[in-house]
Amino acid sequence: MIHLDELNSPQREAVVTTDGPLLVLAGAGSGKTRVITYRIAHLIDRGVRPDDILAVSFTNKAADEMRQRVDKLAGRLARRCTLSTFHALGLQILKAEKAALGLPSGFTIYDASDQLGTVKEILRRLYQSDDDRRFDAKSVLFRISRAKNAFVGPEEFAEQFTDEDHEYDVTAAEVYPQYQEALKSFHALDFDDLICETVRLLDRDEAVRERWANRFRYVMVDEYQDTNRAQSLLLNHLVRASNNVCVVGDDDQSIYGWRGAEAGHILEFDKHFPGAKIVKLEENYRSTPHILDAANAVIAHNTKRHDKRLWTARPARDKLQLVACEDAEGEAEFVAGEIEALCATRGFRPGDFAVLYRSNVQSRPIEEALRAASLSYKMIGGQAFFERKEVKDAIAYLKLALHPRDEISLRRVINYPARGIGPTTIERIAQAATQHGLPLFDGCQKAHEIAADALADRNRNALASFCDLVENGRALIASAQGGTHPGGLKEAARAYLMASGLQDDLQAAAPTPLAAQKKLTNLEGFLTSLERFEQREGRDLGAFLHRISLDTKDDDEGHDQSDQVTLVTLHGAKGLEFPVVFLVGMEEELLPHKRTLYPDGPDVLDANPDLGEERRLLYVGITRARELLYLTRARQRSSRASARPRSPSRFLEEIPPHLYDARDAAMPSSVATPEDEEAFARAALAKLLKMTS
DNA sequence: AACTTGTCAATTTTT
DNA sequence: TTGACAAGTT
């Protein structure tokens with residue numbers, strides 16, 4: 001039994017309003033996750049079957065956290081609720097309905113690099129003889145992905161962009177249908193498809209539609225401001241019958257508009273779900289009053305938002321610190337020095353600090369300064385475990401054994417480790433396969449029949465032994481899944497990968513023995529995670545591969561010492577909190593970012609740029625801080641080779657001056673007046689002029 | 001097949 | 001200044 005008196009009054013209202021549409025506007029630090037978990041527990045208390053409850057979030061991390069807290073509150077019963085990400089939910093539906101989907105033998109999930117490979121392949125084919133048309137595959141893929149997020153299919157997309165519009169839009173319109181066709185023939189779905197194809201399936205198949213409309217009676221969505229059109233359509237299908245939909249989010253923290261999130265969903269929720277109740281959570285349990293006042297002041301400059309104002313019962317503490325530094329290095333040294341000082345004088349630990357920046361390049365000088373100061377740090381958003389090359393190669397081998405039609409995986413490993421199947425051979429066999437209407441792998445198997453004269457004996461033999469390798473791997477895995485292989489899937493996979501020569505190559509090709517050891521350890525870690533999956537969820541390699549495509553857990557959770565300074569982008573910081581936060585690079589062209597100010601190239605200033613999302617980024621950054629907040633900037637910054645003067649971010653002017661101390665990194669711990677600042681700037685300018693003349 | 005040289009661009013990123 | 005990537009060289 002949960003205790004509703006542990007909640008404040010709007011929180012309680014959000015928890016007990018169980019039926020009908022409900023929008024919970026949860027300001028930063030207002031106990032959002034608490035409301036969701038209490039709400040679930042309360043539903044169960046009231047006798048709702050856990051099977052009827054669904055809570056969707058965007059990240060695995062959020063879903064895991066929800067799971068833990070619900071388990072703690074509601075105990076064993078809660079195990080049966082579905083707490084999932086949008087993508088995992090889509091996958092669950094597609095798998096459950098695979099008969100209706102028309103992919104009975106299963107499918108591979110393509111990640112960003114697989115997608116990119118597919119687009120590159122298509123671009124090559126389209127413009128192979130045309131030297132002037134070298135399109136950046138990333139930009140093309142970005143447009144396709146954006147279309148999918150908006151639930152715009154290839155035909156509809158093509159209608160929007162005829163001839164002379166935007167070059168990349170025209171190209172994307174040309175590539176998009178071919179891309180979809182390629183994925184289909186590879187038996188592959190990309191991340192976006194996990195949502196889009198689910199919606200398409202629900203749209204076209206009435207029986208499936210009815211099944212899922214009635215599957216859940218109570219649906220909750222976390223971080224609702226981040227939903228894109230496709231996700232919103234999926235949600236509609238799921239709540240059609242019950243109309244019990246509770247969405248939780250904060251329009252002021254909508255920072256993913258650029259990848260298709262539509263803040264309109266949260267702004268117009270009551271139009272979309274008539275009769276919706278709206279509850280605002282404005283009491284903040286995280287930050288001091290000065291920090292909240294600054295956040296409120298900044299965000300008030302945005303129009304088109306739900307009116308909200310964060311407040312706290314906490315007493316006032318330190319003012320914000322606005323610090324001007326000489327250059328990026330000076331800024332980094334200031335941050336490192338301040339961390340050391342605060343640890344020494346005020347009892348903070350390195351783990352209490354976070355350095356937040358707009359773009360990843362800014363982390364470099366910070367890292368160097370922290371290293372120089374012997375402060376250990378962790379970067380959030382580094383390379384994920386399953387994205388390391390050696391692990392990706394292993395995955396490609398396994399995917400190929402399961403899905404020989406997966407051409408991207410095939411191309412990835414067909415000549416890695418090198419086995420004498422070079423680009424020419426691949427192109428010839430690909431051509432022959434196309435002529436005979438065969439998938440590439442089948443073409444390789446039948447090389448001696450369909451391309452006998454096009455290829456040398458040597459090449460044909462290499463192809464044959466590669467195909468044998470994969471076929472043997474397939475047999476090994478099949479026997480492991482049937483339970484007849486000693487050591488199970490893990491050992492079957494190991495034997496297959498060993499036969500592929502992957503391990504030997506890692507050993508041989510590494511620049512140092514240490515590097516080789518590290519890679520082999522990563523590979524072993526991969527096999528261990530397969531073993532764990534096998535024990536917990538059963539011997540199903542396909543299910544394992546799906547799982548790891550959706551998981552982005554990195555491997556350093558083990559040696560995750562908590563006493564490290566956190567380095568993270570403003571985007572990556574959403575949902576986190578720290579006693580002390582440094583927001584670095586508070587300058588024009590960094591925040592707001594150059595690309596927002598000049599969307600059409602460096603020379604074309606947008607007369608009226610939409611700075612709302614940049615401002616929300618700052619808002620997110622400010623509201624991460626519990627006790628102390630530093631806003632730092634550099635007077636000059638070297639871009640490429642030369643130092644360029646920088647102006648303070650226009651957003652700084654939106655913070656009322658009584659909330660901060662302005663100071664100068666060159667005059668430590670003194671409070672600089674605006675006059676001091678100006679004098680210093682003049683001196684710096686004079687120095688600069690003397691240097692250049 | 002491995003190595004070198006040249007060119008071009010350089011936000012944010014989960015799943 | 002870095003880095004990714006493609007084309008050219010050995």
Side-chain angles (χ1 to χ4, degrees), chain A residues 56-63 84-91 109-117 120 123-124 131 134-139 141-142 145-146 148-149 189-196 198 223 226-228 230-231 254-261 328 356-365 380-384 386-387 415-425 508-509 546-554 568-575 585 589-599 601-602 613-614 616-618 620-621 637-643:
Chain A
V56 201
S57 60
F58 281 82
T59 64
N60 292 308
K61 205 176 144 214
S84 158
T85 65
F86 267 108
H87 289 85
L89 181 67
L91 176 62
I109 296 172
Y110 271 12
D111 69 8
S113 75
D114 300 326
Q115 291 177 277
L116 205 60
K120 279 184 181 163
L123 283 173
R124 204 170 314 157
D131 266 5
R134 323 199 128 274
F135 285 97
D136 172 28
K138 270 200 193 122
S139 305
L141 176 60
F142 182 72
S145 177
R146 212 170 37 186
K148 287 192 183 189
N149 287 160
L189 296 179
D190 64 23
F191 286 130
D192 303 324
D193 288 336
L194 293 178
I195 314 290
C196 287
T198 308
E223 303 281 13
D226 289 340
T227 43
N228 61 39
Q231 287 158 338
S254 153
I255 53 175
Y256 287 108
W258 53 275
R259 69 180 194 211
L356 273 46
Y357 37 81
R358 173 68 230 265
S359 74
N360 283 118
V361 282
Q362 293 172 256
S363 72
R364 234 319 162 40
I380 299 186
Q383 210 186 20
F386 289 116
E387 272 168 29
N415 199 35
Y416 178 76
R419 48 171 72 87
I421 309 175
T424 331
T425 309
H546 282 160
R547 168 71 57 82
I548 62 175
S549 316
L550 296 184
D551 273 13
T552 44
K553 70 158 182 236
D554 24 4
V568 65
T569 62
L570 288 167
H571 285 91
K574 193 168 66 145
E589 306 201 341
L590 271 177
L591 187 71
H593 196 273
K594 208 197 266 181
R595 282 299 180 93
T596 314
L597 267 13
Y598 307 89
E613 189 150 311
E614 297 292 301
R616 289 192 290 271
L617 273 169
L618 174 56
V620 167
R637 210 172 270 271
S638 34
S639 65
R640 285 171 290 171
S642 62

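Within every chain, numbering begins at 1; the chains are lettered A, B, ... in the order of the sequence lines, protein sequences first and strands thereafter. These numbers come from the heavy atoms of this one structure, side chains and all, not from hydrogens, waters or symmetry mates. Note that the coordinates shown come from a computational prediction; the quantities given were computed from them, not determined experimentally.
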Tell me the interatomic distance from [X], atom [atom1], to [N], atom [atom2], rounded to whole angstroms.
X       : N       : atom1 : atom2 : value
F142(A) : dT12(B) : CZ    : P     : 12 Å
H593(A) : dT12(B) : NE2   : P     : 7 Å
K574(A) : dT11(B) : NZ    : C1'   : 16 Å
F86(A)  : dT15(B) : CZ    : C1'   : 12 Å
D551(A) : dT14(B) : CG    : P     : 13 Å
K594(A) : dT12(B) : NZ    : P     : 12 Å
W258(A) : dT15(B) : CH2   : C1'   : 12 Å
I195(A) : dT14(B) : CD1   : P     : 16 Å

Does the side chain of [X] reach to within under 4.5 Å of the side chain of [Y], using non-hydrogen atoms?
X       : Y       : result
Y256(A) : N228(A) : no
R595(A) : W258(A) : no
L570(A) : Y357(A) : no
K574(A) : T59(A)  : no

Given the rule in the side chain to side chain contact (heavy atoms under 4.5 Å, CB included) test, do N60(A) and D551(A) qualify, once you have shown the distances and angles that lead to the verdict?
CA-CA 7 Å; N60(A) 292 308; D551(A) 273 13; 3.8 Å; yes
Would a distance-only check, ignoring hydrogens and angles, find a side-chain to backbone donor-acceptor pair under 3.5 Å from [X] to [Y]?
X       : Y       : answer
E613(A) : G257(A) : yes
H87(A)  : L550(A) : no
S145(A) : F142(A) : no
D111(A) : D114(A) : yes

Between dT12(B) and dC5(C), how far apart are the two P atoms, rounded to whole Å?
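Here dT12(B) and dC5(C) have their P atoms 16 Å from each other.
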Whole-angstrom distance between dA6(C) and dT11(B), as gauged at atom C1':
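Rounded to whole Å, the distance is 25 Å.
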Closest nucleotide among dT11(B), dT14(B), dT13(B) to the T569(A) side chain:
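Within the option list, the nearest is dT13(B).
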Of the options dT13(B), dT15(B), dT11(B), whose atoms approach the side-chain atoms of Y256(A) most closely?
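Nearest nucleotide to the side chain: dT13(B).
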Is F58(A) stacked on the base of dT14(B), with ring centres under 5.5 Å apart and planes under 30° apart?
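Stack criterion not met.
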OP1 or OP2 of dT13(B) less than 4.0 angstrom from a side-chain nitrogen or oxygen of N360(A), does that happen here?
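For dT13(B), OP1/OP2 do have a side-chain N/O of N360(A) under 4.0 Å.
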Are N60(A) and dT15(B) close enough that a side-chain N or O sits under 4.0 Å from OP1 or OP2?
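Yes, N60(A) has a side-chain N/O under 4.0 Å of OP1/OP2 on dT15(B).
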Quick one: side chains of residues 416-425 of chain A, donor-acceptor pairs under 3.5 Å with protein atoms, not counting sequence neighbours, listed by atom name and distance.
unit_1  : atom_1 : unit_2  : atom_2 : d
Y416(A) : OH     : D505(A) : OD2    : 2.8
R419(A) : NH1    : Y397(A) : OH     : 3.4
R419(A) : NH1    : V413(A) : O      : 2.7
R419(A) : NH1    : I414(A) : O      : 2.9
R419(A) : NH2    : Y397(A) : OH     : 2.9
R419(A) : NH2    : S500(A) : O      : 3.3

Chain A contact limits on DNA chain C, taken 5' to 3' with a cut-off of 4.0 angstrom to heavy atoms:
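Extent of the interface on DNA chain C: dT1(C) to dA7(C).
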Might you list the N or O atoms of the protein lying below 3.5 Å from N or O atoms in nucleotides 1-9 of chain B, with each pair's distance?
unit_1 : atom_1 : unit_2  : atom_2 : d
dA1(B) : OP1    : N415(A) : ND2    : 3.3

H571(A) or T59(A): which one's nearest nucleotide on DNA chain B is closer to the 5' end?
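In this pair, the answer is H571(A).
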